[in-house]
Number of protein chains: 2
Amino acid sequence: MFSVSARTQYAIRAMAHLARLEGKSATAADIASAQGIPLKYLEGILSRLKLSGLVESERGKNGGYRMQGRAQDVSMLAIVEAMDGSVKPVSCVDSAASCAQGRACLPRKFWIGLKSAIDAYLNEHSLKDIVEGDQV
Amino acid sequence: MFSVSARTQYAIRAMAHLARLEGKSATAADIASAQGIPLKYLEGILSRLKLSGLVESERGKNGGYRMQGRAQDVSMLAIVEAMDGSVKPVSCVDSAASCAQGRACLPRKFWIGLKSAIDAYLNEHSLKDIVEGDQV
DNA sequence: GTATATTCCTACTATTCAGATAGGAATATA
DNA sequence: TATATTCCTATCTGAATAGTAGGAATATAC
């Protein structure tokens, strides 16, 4: 229950890899072999990370990916959302109008509360916590 | 991300339905039509709820399902776990030995913390909150 | 004791989605 | 011009979820 996609786990490893390079860049192939991630799959992951502004890239020879900003400023929520979108226990979480049960939907507030709890936890932790391995 | 299965949502509606009967029983067919849940699918859900001790049943004519205990004593965690098992962001959450990354797995503590946050939220809320609709 | 209403059990089908793969276009460097 | 890279699009595959189907077991009522 509530399992995290392989994609998100890969993304965290990739970001942690880049974080350790302190601003230097790495190619997708470097990251893939170091982290044991299928290269072609990783390319898609890096593309999403780039769309979310978490990494920047350069094409061509000597190209690669570089982390944007400092590790302590990259929230885990940002990485998770870059991969699988916002936390949504139920689809109607952000609009009562879209709820099949309508106004009568009693569990809706409950799910919104769950979303808040998850978002808060993910937002309180940064990539730095992962890299340093000294979080909770 | 972190979406809840239809099964769990159905289960909550079914339990809320039973809770409102205050100890009286209802047939699967009653619940199915009142809550708009496919009957045959609901039967499987009720079977799991029974296995977890959340409802009891009686067969034959005048049979049906009855909620066990009081609504305030039925945690939402119990319902969720009855449907989809325990909260497990990553599969190695309960044993480092089963972690493919082994001792070197930095994110593991992070995921365990997430599990704790989710478990805590689900455990703090009961079926009573849902039925009364005045939670958070 | 027969008809009926119900839970309970097993198997099957359909659909969706995650994970992965493939090929090659665009682009930058040497 | 050769090469190394990101970037784009399409496709395949296996597993899981959601739902369906049929009937066995069991209890009640007449």
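All values derive from a computational prediction rather than experimental measurement. A note on names: the letters A, B, ... follow the listed sequences, proteins ahead of strands, and every chain is numbered from 1.
- Across the protein-nucleic acid pair, A:R7 atom CZ and C:dA20 atom C1' stand 12 Å apart, rounded to whole Å.
- Looking at residues 8-35 of chain A, you'll see A:Y10 sit with a heavy atom under 4.0 Å from some atom of DNA chain C.
- The CG atom of B:L21 sits 7.5 Å away from the CD1 atom of B:I31 when rounded to the nearest 0.5 Å.
- Under the salt bridge (charged side-chain N to carboxylate O under 4.0 Å, His left out) criterion, B:R7 pairs with B:D84, sequence neighbours left out.
- As a whole-Å value, the separation of B:L39 CG from C:dT7 C1' is 11 Å.
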Review item, nucleotides 8-14 of chain D N/O atoms under 3.5 Å of protein N/O:
none

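- Panel note: side chain B:E43, backbone B:A28; no donor-acceptor pair is recorded below 3.5 Å.
- Separation of atoms NE2 (B:H17) and CG (B:D30) is listed at 6.0 Å; rounding is to 0.5 Å.
- Atom CD in A:E58 sits roughly 9 Å away from atom C1' in C:dA28 (whole-Å rounding).
- In summary, the side chains of A:S116 and A:D119 do not present any donor paired with an acceptor at a separation below 3.5 Å, with no hydrogens or angles considered.
- With A:K115 as the partner, the side chain to side chain contact (heavy atoms under 4.5 Å, CB included) test is satisfied by one option alone out of A:D94, A:V87, A:V90: A:V87.
- Dashed line: the shortest gap from a side-chain N or O of B:S57 to OP1 or OP2 of C:dC8 is under 4.0 Å.
- At the heavy-atom level, A:G44 lies nowhere under 4.0 Å from the strands shown.
- Closest contact between the side chain of A:N62 and the listed nucleotides C:dA5, C:dA30, D:dC7 involves C:dA30.
- Taking OG1 of B:T27 as the start and CG of B:N62 as the end, the distance is 10.5 Å to the nearest 0.5 Å.
- B:E56 has its CD atom 14 Å from the P atom of C:dT7, to the nearest Å.
- In this entry the distance linking CG of A:L42 with P of D:dT5 reads 14 Å, nearest Å.
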List the steps and the verdict of side-chain contact (heavy atoms from CB on, under 4.5 Å) for B:M67 and B:L127.
CA-CA 11 Å; B:M67 196 179 79; B:L127 195 53; 3.6 Å; yes

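- Put simply, CE on A:M83 is 14 Å from C1' on C:dG19, counting in whole angstrom units.
- Note: NZ (A:K61) to C1' (D:dT6) measures 15 Å, nearest angstrom.
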Listing, residues 68-76 of chain B side-chain donor-acceptor contacts under 3.5 Å, not counting sequence neighbours, or none:
| residue | atom | partner | partner atom | Å |
| --- | --- | --- | --- | --- |
| B:R70 | NE | B:D73 | OD2 | 2.9 |
| B:R70 | NH2 | B:D73 | OD1 | 3.4 |
| B:R70 | NH2 | B:D73 | OD2 | 2.9 |
| B:S75 | OG | B:L77 | N | 3.4 |
| B:S75 | OG | B:A78 | N | 3.0 |

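- For the pair B:Y65 OH and C:dC8 P, the interatomic distance rounds to 4 Å; values are reported in whole Å.
- The side chain of B:K50 contributes no N or O atom lying less than 4.0 Å from OP1 or OP2 of C:dT7.
- When atom types are taken as modelled, the side chain of B:Y121 and the backbone of A:F110 share a donor-acceptor pair closer than 3.5 angstrom.
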Using a 3.5 Å limit on both pairing distances, list the dot-bracket string of DNA chain C from the 5' end; Watson-Crick and G-U wobble pairs count, crossing pairs take [ ], interstrand pairs take |.
||||||||||||||||||||||||||||||

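- Shown here are the side-chain hydrogen bond (donor to acceptor under 3.5 Å, both in side chains) partners of A:E124, two or more places apart in sequence or in another chain: there are none.
- Side-chain atoms of B:Y41 lie closest to D:dG19 of the nucleotides C:dC8, D:dG19, C:dG19.
- By the 4.5 Å heavy-atom criterion applied to side chains, A:S86 and A:E81 are counted as neighbours.
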